Amino acid sequence: MRSVPALARAYILGAALAALLCAAPALAAAVPRAAGSPDAPSVPWLAVALLAALYAGCEQLPRCRFMGRHAPRGMGMFFPVLLAGAFLLPPAAAALVGVPGALLARVERRPAGPRRIWHAAQLALACWAAALAHQALGGPGAVGGPAGPDFPYALAPAAAAVVVFCAVLTVLDGGILVLAERVPARRAWRGRFWPVLAPVSVHGLVGLMMTVLWRSPYGPGAALLVLLPMYISCWLFAQYHRERAAHQSTIRALVQAVDLKDGYTRGHSERVGQASVMIAQELGMDDSRVETLRFAGILHDVGKLGVPTRLLRKDGPLTPQERRVIELHPEYGHEITRGIGFLGEARAAILHHHERVDGSGYPYGLAGDRIPECARVVAVADAFDAMTSTRSYSRARSVPKAVAELERCAGAHFDPRMVGALVRALDRHGWHPSVTADGPDLPAPRATGSPAGSPS
């Protein structure tokens, strides 16, 4: 618990108290004296217990010896049960559905206690708010009135409940990121709501189906059959993660091939990807573009696979003809990655990361804003790592000297906005470059007229 910052502990405690207040009417009704009072709210405890047990059981699936390795990971997969609770139960009772499962769930990182309390409070508040929105729009009557479900109107309160559910989770998640993970406030909430809304909307439809069947003459048993499509949606979600892992493997294989071909730049690709991410985050780019910039930085030199190895490993000065051959590597890289669809604009960075803002770069001599933004980011990250790493043609410079060189060349060689973003990010997070090739007997420096970051 001591590892959690004080403000974060207070935030978690506040969320837990707020969740307790939301559930208080239902808890008070459970007291015998209050339950006997004519003013005490009626709580369908059987439904609360069934849904809570179902959610808790789903949370325990990853621990199951026989089914665990087949169960999709991620808390979002059981949202249909929570949303069915929000559609079926009064708000105070709906707040209790996710609590047992959250408190018993497996926690990947320590400290486990605060994380379980936080998870339970977060779900309780989200379910309470969703049930409140559903009730305010007449949802309970629309899904199970005397004349049966009122479609399509029943979709409206369900949709409102889903939006509120996602909004509460997003707001709470952003707060804990700021206080516990020290994520800058301007990035804590940016771009988090819409990616969550899409899958939870699908889960909301499943929860609505469960609710309608639960209220039908077939009863709760029929509602449980909806779990089948739920697991299909979970399987699709797991497929997405497998596809993402395949992307990572593809990139890793390409980078390893480049590193094997040009040992002097081993590790350079990963560091350029890291520096590109720092610049992109400092510029306030959304998460998808930050990920694209990471791919661009990692793969910017993949075109070296098309350059003769003897030139990449040559210790002496390059002739003008040899330099022209090496300068073809951006175009080779663009061709190599042509069929990799998920790279998106990262391919433009691969092709143009040696352009200069004054138009003196290559391969096309683009200038200023005609150079794609992602290429201007990678150009600065590439030059920075080239200067802070020992190469066959130069020893590593210190970070302050590399920054001074970038600032000197800003406006002519590099985009000043990208240089400024890297400088601010370095001030905030620091930089710990690892030298890729070092030794007392380095080869003689190769001829280069580049002021900063020769072709890497």
Side-chain angles (χ1 to χ4, degrees), residues 11-12 14-26 41 43-44 47-48 51-52 54-55 74-99 101-102 118-144 149-178 188-212 214-215 226 230 233 237:
Y11 185 71
I12 293 171
L17 290 175
L20 197 59
L21 287 175
C22 292
V43 178
V48 174
L51 290 171
L54 181 60
Y55 180 75
M75 55 180 281
M77 59 188 171
F78 304 123
F79 282 174
V81 180
L82 298 180
L83 290 168
F87 301 153
L88 274 168
L89 303 171
L96 297 172
V97 171
V99 173
W118 166 248
H119 187 32
Q122 189 184 30
L123 292 183
L125 290 171
C127 290
W128 176 82
L132 199 65
H134 189 254
Q135 189 179 65
L137 294 177
V143 296
D150 180 13
F151 281 106
Y153 178 72
L155 295 173
V162 167
V163 171
V164 170
F165 185 85
C166 293
V168 172
L169 289 181
T170 302
V171 170
L172 292 173
D173 275 338
I176 201 67
L177 285 174
V178 171
W189 288 279
R190 180 178 295 171
R192 296 189 183 277
F193 176 74
W194 297 111
V196 172
L197 182 62
V200 175
S201 296
V202 176
H203 294 168
L205 287 174
V206 178
L208 184 61
M209 291 170 61
M210 285 184 67
T211 305
V212 171
W214 192 294
R215 292 281 179 84
V226 182
M230 181 186 80
S233 70
F237 191 66

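From a predicted model like this one, the values you see are computed outputs, not experimental measurements. Because only heavy atoms are used, hydrogens play no part in the values below, and waters and symmetry mates are left out as well, while side chains stay in.
Within the 4.5 Å cutoff, the side chain of L89 has no heavy atoms near those of the Q135 side chain. For the pair V178 and Y11, the minimum side-chain heavy-atom distance is 4.5 Å or more. Residues P44 and P90 meet the side-chain proximity criterion, which asks for heavy atoms closer than 4.5 Å.
Taken to the nearest 0.5 Å, the SG atom of C127 stands 8.0 Å off from the OH atom of Y55. The distance from atom CG of L208 to atom CH2 of W214, rounded to the nearest 0.5 Å, is 14.5 Å. Atom CG in L83 sits 11.0 Å away from atom CG in L88 (nearest 0.5 Å). The line from CH2 of W189 to CG of L172 is 10.0 Å long, rounded to the nearest 0.5 Å. Taking CD1 of I12 as the reference point, atom CD1 of I176 lies at 4.0 Å (rounded to 0.5 Å).
Between V164 and A130, the shortest heavy-atom contact is CG1-N, 4.0 Å. Between V162 and G204, the shortest heavy-atom contact is CG2-CA, 3.8 Å. Nearest approach of L137 to Y153, heavy atoms of both residues: O-OH, 2.6 Å. Of all heavy-atom pairs spanning V97 and G85, the tightest one is CG2-CA, 4.5 Å. Residues A129 and V168 come closest through the heavy atom pair CB-CG2, 3.8 Å. In this structure, L96 and A23 approach most closely via the heavy-atom pair CD2-CB, 3.7 Å.
Ring geometry, F79 versus H203: the interplanar angle exceeds 60°, so the pair is classed perpendicular (tilted spans 30 to 60°). Classification of the H134-F87 ring pair by plane angle, with boundaries at 30° and 60°, yields tilted.
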side-chain contact (heavy atoms from CB on, under 4.5 Å) between L205 and L155, intermediate numbers included: CA-CA 8 Å; L205 287 174; L155 295 173; 4.1 Å; yes

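With F193 as the fixed residue, the side chain to side chain contact (heavy atoms under 4.5 Å, CB included) test singles out one of L169, V171, V163: V163.
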